[in-house]
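Beneath this line is the structure, given in structure tokens, with notes to follow.
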Amino acid sequence: MNNPTTGRMTMAQAIVAFLKNQYVERDGVEQPFFAGCFGIFGHGNIAGMGQALQQMPEFRYYQARNEQAMVHIATAFTKTRNRLQTFACTSSIGPGATNMVTGAATATINRLPVLLLPGDIFARRNVAPVLQQLESEHTQDISVNDCFKPVSRYWDRIARPEQLLTSLPEAMRVLTSPSETGTVTLALPQDVQTEAYAYPAGFFHKRVWHISRNRPDRLALEQAAAWIRASQRPLIVAGGGVIYSEATDTLRQFVSQTGIPVGETMAGKGSLPYDYPLNLGAIGATGTFAANRIARDADLVIGIGTRYSDFTTASKTAFQHPEVRFININVAEFDASKHQALPLVGDARATLEELLTLLNGHSASGPYQVDESYRAHSEQLHSDWDAEVERIYTIRNEPLPSQGELIGAVNEHSASDSIMVCAAGSLPGDLHKLWRARHPKQYHMEYGYSCMGYEIAGGLGAKMAAPERDVYVMVGDGSYLMMNSEIVTSIQENYKLIIVLLDNQGFKSIGALSRSLGQDGFGTRYAYPQDGALPGDAAGKDVQALPVDLAANARSLGAHVIECKTYADFVAALDAVRATERTSVIYIQNDRYEAIPGYESWWDVPIAEVSSMPQVQAARTEWEAMRERERYFLGQ
Ligand SMILES: Cc1ncc(C[n+]2csc(CCOP(=O)(O)OP(=O)(O)O)c2C)c(N)n1
Ligand SMILES: [Mg+2]
């Protein structure tokens, strides 16, 4: 080994020294890949990672209140930055580490890069079991950090300081790979973090990772162009990949030239502005009638950057044309191949450009365009849908406002460059249909994992990534109670969030689902037990509410709080918070039962096959009929 060395550094110091020198470059624009490191210290990382971060303050350390939250902050940050920059997250061993597992799954499922550095038990082993150590009778080579394996795209345990030399470059390869990216977990034994090694100096030189725009196979592209030319009723399904690839302008050009209408997934909403005439809005289980009708009869589906979740495909019932076939543009071969599609494995922007060139040239019939009548039909559906949104925005429900009108108010009383963040509850379905996205980063919905608790932490990540924009966090009372801790972090770091807290005393979403399954909202209301059991919806308003004051709770965490009762109060609050200086919470109760309907779609939630409850049996019969519509797509 004759590499010149740096002098001795601890393993933790080497990690920080390495991370601060990692850069990415796409389209000639270069930036550091890490914006710093979030962490919560305990005995498993204070002397290792904690000491290293203290010694190198140029790699900024941020405190969080909860380890799950800090991973969500990193996830939302990188989603807002189109995966070109992220955070590292360090935790202690044991519960601090396992608190990050949910965050790890959220990032991986959403194809978003985060680097997790959980502390781990002593590699030296002589003092085991250490505090918080999981023991096994069968092996000493196991710890709670093995729980990260299925939720990480790369996982390693660093048992000797020099293992970093081969592990960190692999971590960077995965984090910066558009197709492989997700959570990377490097488990760091508490003792090894503090051990010194003479690392080669070259390890810490600036390294720029080029993020490529891969192009698909030429023959596959030509075949795709032929399929599109042969199609009478094509439809584009725009997923998150359109936005991460910054392909939105190219998509617009593609759509305007070809006339192919677009439905948007949860991650893809905002690919086109809401008022673009061929944007049919949300597709699938939470979709618009516009997108769902076109999907039902489409003979060709061009999926771009989508992983086809069950919400997008309406549990495989969305596409009913007997000969429907799929072309999937995706950086990941895995996603490109779904539904036995013709796979165009490549970057969304580069692929759309090449496809458009092929569709424009080399044909006697001239540039490809859909039939004029099909285009007109799509545009008509677009405006019919917009009228439906307007109808819902202008409902004025009494005595408690409806969620639809509150969504409308936030949309209309926020700046057009703002960001709206949400993740779980009844809000995602309503927002997917109703939110009028005015730019590609405006609709920040975490719906790969739909993780309650993401909202406020995620809002902070989005705000850190785009401090010049207003960030609106829309959160239900259930999610708020699950994790509101990062309000404190937002105040500490002076990142102002506007949190819209919608209190309907429990789970509106799962309550409605429960009723649709014949289960009367069982376990979904926040109320005192009656006769020894928690009340369902049959108890109506005749329940004793809990003495919980969420507005006071938010105030106690340092937020500026405005409590509203009516729609008018709510609008006044929205106008007022634009000028507040710190994180502000707008609190309002809204109606548990006033709901936005589904629009010609379905979601498969299996119902008990046998039951002593007649309503459950009735719901099961309906479910069996819908289940018949689910399809396998076997390719053509
Ligand atoms: C961590 C987590 N636990 C459970 C669920 C299942 N779940 C989905 S929505 C929901 C209720 C959300 O309640 P709230 O935030 O008040 O929103 P609402 O449904 O009332 O709009 C639950 C329990 C989830 N998505 N995430
Ligand atoms: Mg609720």
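Whatever order the structure lists them in is the order used to number ligands and atoms, beginning at 1. Start at 1 with the first residue, then count along the sequence.
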For the side chain of N45 and the backbone of G42, is there at least one donor-acceptor N/O pair under 3.5 Å apart?
-> yes
Interatomic distance, CD1@I588 vs CG@N504, rounded to 0.5 Å, equals 11.5 Å
Interfacing atoms of ligand 1 (cut-off 4.0 Å, heavy-atom, [X]):
{"X": "S479", "answer": "14 (P), 15 (O)"}
{"X": "S450", "answer": "24 (C), 25 (N), 26 (N)"}
{"X": "G478", "answer": "13 (O), 14 (P), 15 (O), 16 (O)"}
{"X": "K508", "answer": "18 (P), 19 (O), 20 (O), 21 (O)"}

[X] to ligand 1, any heavy atom closer than 4.0 Å:
{"X": "R592", "answer": "no"}
{"X": "G506", "answer": "yes"}
{"X": "G453", "answer": "no"}

Is there any N or O on [X] that sits under 3.5 Å from an N or O of ligand 1?
{"X": "A424", "value": "no"}
{"X": "M452", "value": "yes"}
{"X": "M482", "value": "no"}
{"X": "Q403", "value": "no"}

Using 2.8 Å as the threshold, say whether any N, O or S atom from S426 sits that close to the Mg ion (ligand 2). no
Regarding D503, does it place an N, O or S atom less than 2.8 Å from the Mg ion (ligand 2)?
no
Going by the 4.0 angstrom heavy-atom rule, the piece of D477 near ligand 1 is both
The closest protein heavy-atom partner of atom 19 (O) of ligand 1 is S509 OG, 2.6 Å
closest protein heavy atom to atom 17 (O) of ligand 1 is G425 CA, 3.6 Å
The O(G506)-the Mg ion (ligand 2)-OD1(D477) angle, to 10°, is 100°
**Request:** Mark yes or no: R436 above the aromatic ring of Y393, with NZ or CZ under 6.0 Å from the six-membered ring centre and no more than 45 degrees from the axis.
**Result:** yes
